[in-house]
Amino acid sequence: MLTEDFPPVNFQQDGVVKGLSVEIVQEIERRLGLKDEITLMPWSRALREVQGPGRVALFAMARTPAREKLFKWVGPIVTFYSSLYAPARGGLRLRSMEDAKRAESVLVVRDWYTSEQLAAMGFKNLVPVADPVTGIRMLLAGRATLFATERLSMPQTMAQAGIPEESLEIVYSYASSEGYIAFSHETPDSLVQLWNDKLREMKRDGSFRAIYKRWLPNDAPPQ
């Protein structure tokens with residue numbers, strides 16, 4: 001079981017992996033009588049691992065058309081929201097994604113779904129970075145015009161980086177995507193089905209909603 005540092009959905013604190021998706025995965029495993037170790041690693045590396053041999057899962061992954069046939073899916077377990085950020089009080093306003101295409105540069109985290117989205121839209125001005133903290137710092141240093149990222153994680157990511165949340169502002173929100181637990185192709189279909197069955201059970205009995213609201217009280221859980 002692999003995940004990345006993406007608070008509050010999944011992250012590590014004092015050596016313990018925590019978060020919304022972590023609690024959901026752990027509850028499904030409890031109901032299945034399983035207890036796999038959850039390993040946190042950089043997203044690009046985890047993405048390679050889950051496409052390799054063996055029974056591997058990576059969460060929470062946006063289910064995009066480009067990824068559809070690469071994995072076996074359990075979910076949805078979270079909804080992601082894509083937004084374009086700029087330094088606060090800079091006066092930049094976007095009326096459409098075409099305005100963003102004309103920007104000098106747009107930072108994206110390498111291999112994140114936001115990067116895939118913009119590439120599929122025909123953006124030619126993307127600048128990949130290794131992680132969101134690097135993107136935030138480059139944006140504030142004036143090394144790019146915009147940063148395309150996911151809004152759920154931004155407050156805690158900025159806090160971890162020691163950067164005031166009011167330093168950046170959303171100048172355009174453009175999409176939402178549902179996040180899943182993505183299993184490797186070598187994972188048996190029967191096991192993936194059991195995971196989906198237990199997730200549906202959690203949604204019926206209210207435990208999924210309770211976990212979701214504890215971490216994201218202002219967001220609606222995916223059905």
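These numbers come from a predicted model, not from an experiment. Just so you know, residue 1 is the first one in the sequence shown, and it goes up from there. Just so you know, these numbers use all the heavy atoms, side chains as well, and skip hydrogens, waters and symmetry mates.
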Sub-6.0 Å ring centroid separation between Trp43 and Phe6: no
If you measure from the Lys or Arg side-chain nitrogens to the Asp or Glu carboxylate oxygens, is any gap between Arg67 and Asp111 under 4.0 Å? no
Nearest heavy-atom approach of Val50 to Ala182 is CG2-O, 3.6 Å
Tell me which one of Glu23, Arg31, Glu201 satisfies side-chain hydrogen bond (donor to acceptor under 3.5 Å, both in side chains) with Ser207. Arg31
Are Phe71 and Leu47 packed together at the side-chain level, in the sense that at least one heavy-atom pair is separated by less than 4.5 angstrom? yes
Verify the neighbour count for atom CZ of Arg151: are there more than 12 heavy atoms of other residues, nucleotides or ligands below 6.0 Å? yes
Are there more than 12 heavy atoms of other residues, nucleotides or ligands under 6.0 Å from atom CD of Glu68? yes
Within 6.0 Å of CZ in Arg200, more than 12 heavy atoms from elsewhere: yes
Under a 4.5 Å cut-off applied to non-hydrogen side-chain atoms, are Arg89 and Glu169 in contact? no
Working to the nearest 0.5 angstrom, can you tell me the gap between Gln26 CD and Asp36 CG? 11.0 Å
Within a radius of less than 6.0 Å around CZ of Arg214, do more than 12 heavy atoms belonging to other residues, nucleotides or ligands occur? yes
Between Thr187 and Val56, is any pair of side-chain heavy atoms under 4.5 Å apart? no
Approximate separation, where rounding is to 0.5 Å, of Asp99 CG and Thr145 OG1: 12.0 Å
Membership question, hydrophobic clusters at under 4.5 Å side-chain separation (ILVMFWY): are Leu168 and Val133 in the same one? no
Within a strict 4.5 Å, meaning less than it, do heavy atoms of the Gln160 and Pro7 side chains meet? yes
Within the 4.5 Å heavy-atom criterion, are Asn10 and Leu20 side-chain neighbours or not? no
